[in-house]
Amino acid sequence: MIMKRNIFLLCALYSGLLLACNNDRDNDPSVYRKSYVNGFLSLSSELYAFNWAGVEVDEQNKTIDPWANMYEITSDAQGFLLLLNSRYIGVGKDKNQEFKQLIGDTHYNKKIFRKYPLYAVADTLSTITVTCNANYDDAHPAGSSLNDILAVYFNNPYRYIQNDYKMFRHGDEYLNLRQSFENDSWLMTGGKLTEIDFEANPFLGDELYFVLQQPPKQTGEYTFTFSVKKANGEVLT
């Protein structure tokens, strides 16, 4: 993905398919819900990148607006959107309920309006490494890891469920402003990429937002590569 003056980066684990049709009303985004998560995804091997303007992170109030600058996307945008195509686990109600039981998502019990469905990724990630095709600065020559100057933020439904559907919003917890409405809060986890333990955060959400902590030394065109390693050893690039 080629872009100029890259400041904000956005990575999403994304699915192009709709949830398999079944009679499970718990998957309807605007009805009474027994469970917090709508469905579960398994990662495929295809990655796509797009220009993106970036996100807004408020450290004081512990909030994140992932699409704050969505209308400013240009050929010279200050970030990009990385999509990992995903496929749904199983078909129908039974498989969904199996995963919900596994993670303890059985007593959300709210009637809510949810504009966007909330998905959890069944594949546990191990590491994410970001590199650049050119010298980014003196400390980051071409091909070297940029992880030490990147922050990452992602929806964390598993953490929210383990918190008994509560959000503390301290430390590494943030409120997702774009996808939280009324009494339906979407918890995000975030921090320096080098400090995130992905294996300790299973069933993460299907969007990861990356923010560069400093610009490149020189203005120019750069190609960034994401390498995603799953806990089973499989690597997606």
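Quick caveat, the model's predicted, so the values are computed rather than measured. The residues of the chain are indexed from 1 along the displayed sequence.
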Excluding sequence neighbours, so at least two apart, what forms side chain to side chain contact (heavy atoms under 4.5 Å, CB included) with Asn232?
Lys230, Glu234

Spacing of OG belonging to Ser35 relative to CD belonging to Gln97, to within rounding of 0.5 Å:
5.5 Å

Would Asp138 and Lys217 count as a salt bridge (charged side-chain N to carboxylate O under 4.0 Å, His left out) if you check the C-alpha gap in whole Å, the side-chain angles of each, and the deciding distance to 0.1 Å?
CA-CA 8 Å; Asp138 293 340; Lys217 183 177 181 179; 3.0 Å; yes

Exam field: side chain Glu173 to backbone Phe168, donor-acceptor pair closer than 3.5 Å:
yes

Stepwise ring pair (Phe, Tyr, Trp, His ring centres under 6.0 Å) check, Tyr36 with Tyr160
CA-CA 9 Å; Tyr36 180 62; Tyr160 190 63; 4.6 Å; yes

Judged by modelled atom types alone, do Ser42 and Asp123 share a side-chain donor-acceptor pair under 3.5 Å?
yes

Would you check, one step at a time, whether the test side chain to side chain donor-acceptor pair (under 3.5 Å) holds for Asn38 with Arg114?
CA-CA 10 Å; Asn38 287 90; Arg114 181 172 284 174; 2.8 Å; yes

Does Lys229, at its NZ atom, have more than 12 non-hydrogen atoms belonging to other residues, nucleotides or ligands within less than 6.0 Å?
no

Within 45° of the ring axis of Tyr174 and under 6.0 Å from its six-membered ring centre, is that where the NZ or CZ of Lys62 lies?
yes

Would you say Lys34 and Thr106 make side-chain contact, with heavy atoms under 4.5 Å?
no

Please name all residues satisfying side-chain hydrogen bond (donor to acceptor under 3.5 Å, both in side chains) with Glu199, sequence neighbours left out, ordered by chain then number.
Ser126

For Asn61 and Thr63, what are the C-alpha separation, side-chain angles and deciding distance, and is it a side chain to side chain donor-acceptor pair (under 3.5 Å)?
CA-CA 6 Å; Asn61 296 308; Thr63 62; 5.4 Å; no

Side chains of Pro157 and Phe203 in contact at under 4.5 Å (non-hydrogen atoms)
no

Is any side-chain heavy atom of Asn133 less than 4.5 Å from a side-chain heavy atom of Thr225?
no

Find the distance between OG1 (Thr194) and CG (Asp148) and round it off to the nearest 0.5 Å.
7.0 Å

If you round to the nearest 0.5 Å, how far is CG of Asp206 from CG of Leu118?
7.5 Å

Could you walk me through whether Phe40 and Lys100 satisfy the side chain to side chain contact (heavy atoms under 4.5 Å, CB included) test, starting with their C-alpha distance in whole Å, then the side-chain angles of each, then the deciding distance to 0.1 Å, before giving a yes or no?
CA-CA 9 Å; Phe40 298 85; Lys100 289 173 183 178; 3.8 Å; yes

Do Ser227 and Val235 make a side-chain contact, defined as non-hydrogen atoms from C-beta onward lying under 4.5 Å apart?
yes

Spatial distance of atom OG1 (Thr189) from atom CG (Leu187) [nearest 0.5 Å]
5.5 Å

As a quick check of understanding, evaluate side chain to side chain contact (heavy atoms under 4.5 Å, CB included) for Tyr32 and Ile112, giving each step before the final call.
CA-CA 6 Å; Tyr32 180 84; Ile112 60 172; over 6 Å; no

Does any part of the side chain of Asn201, heavy atoms only, come nearer than 4.5 Å to the side chain of Tyr158, both counted from C-beta?
no

Reported CG-to-CG distance for the pair Leu146 and Asp137, which is rounded to 0.5 angstrom
8.0 Å

Is there a donor-acceptor pair closer than 3.5 Å between any side-chain N or O of Asp105 and the backbone N or O of Gln101?
no

Any side-chain to backbone donor/acceptor pair from Ser180 onto Leu177? Under 3.5 Å, distance only.
no

Under the side chain to side chain donor-acceptor pair (under 3.5 Å) criterion, do Asp184 and Tyr108 qualify, and how do the steps go?
CA-CA 10 Å; Asp184 183 36; Tyr108 193 49; 2.6 Å; yes

Where the side chain of Asn135 meets the backbone of Ala142, is there a donor-acceptor pair that is under 3.5 Å apart?
yes

Nearest heavy atoms of Leu193 and Ile128, plus distance in Å
CD2-O, 3.8 Å

Look only at the side chain of Asn163 and the backbone of Tyr165, and say whether a donor-acceptor pair between them is shorter than 3.5 Å.
no

For side chain to side chain contact (heavy atoms under 4.5 Å, CB included), just list the numbers for Asn96 and Val37, CA-CA rounded to whole Å, side-chain angles, deciding distance to a tenth of an Å, and then say yes or no.
CA-CA 9 Å; Asn96 259 338; Val37 174; over 6 Å; no

Heavy atoms, side chains only, cut-off 4.5 Å: are Ile64 and Leu175 in contact?
no

Would you please classify the geometry between the His140 ring and the Tyr136 ring as parallel, tilted or perpendicular, with 30° and 60° separating the classes?
perpendicular

Does the side chain of Val211 come within less than 4.5 Å of Tyr153's, by heavy atoms?
yes

Check: Asn147 main-chain N/O paired with Ser145 side-chain donor or acceptor under 3.5 Å
yes

Using only atom types and a distance under 3.5 Å, with no angle test, would you say the side chain of Trp186 pairs donor to acceptor with the backbone of Asn176?
no

Charged N to carboxylate O below 4.0 Å: is that the case for Arg159 and Asp172?
yes

Against Phe198, only a single residue in Val228, Thr124, Leu204 fulfils side-chain contact (heavy atoms from CB on, under 4.5 Å); can you say which?
Leu204

Ignoring hydrogens and geometry, is there a side-chain-to-backbone donor-acceptor pair from Glu59 to Val57 under 3.5 Å?
no

Roughly how far, to the nearest 0.5 Å, is OH of Tyr209 from CZ of Arg178?
9.0 Å

Are side-chain heavy atoms of Phe154 and Asn156 found at a separation under 4.5 Å?
yes

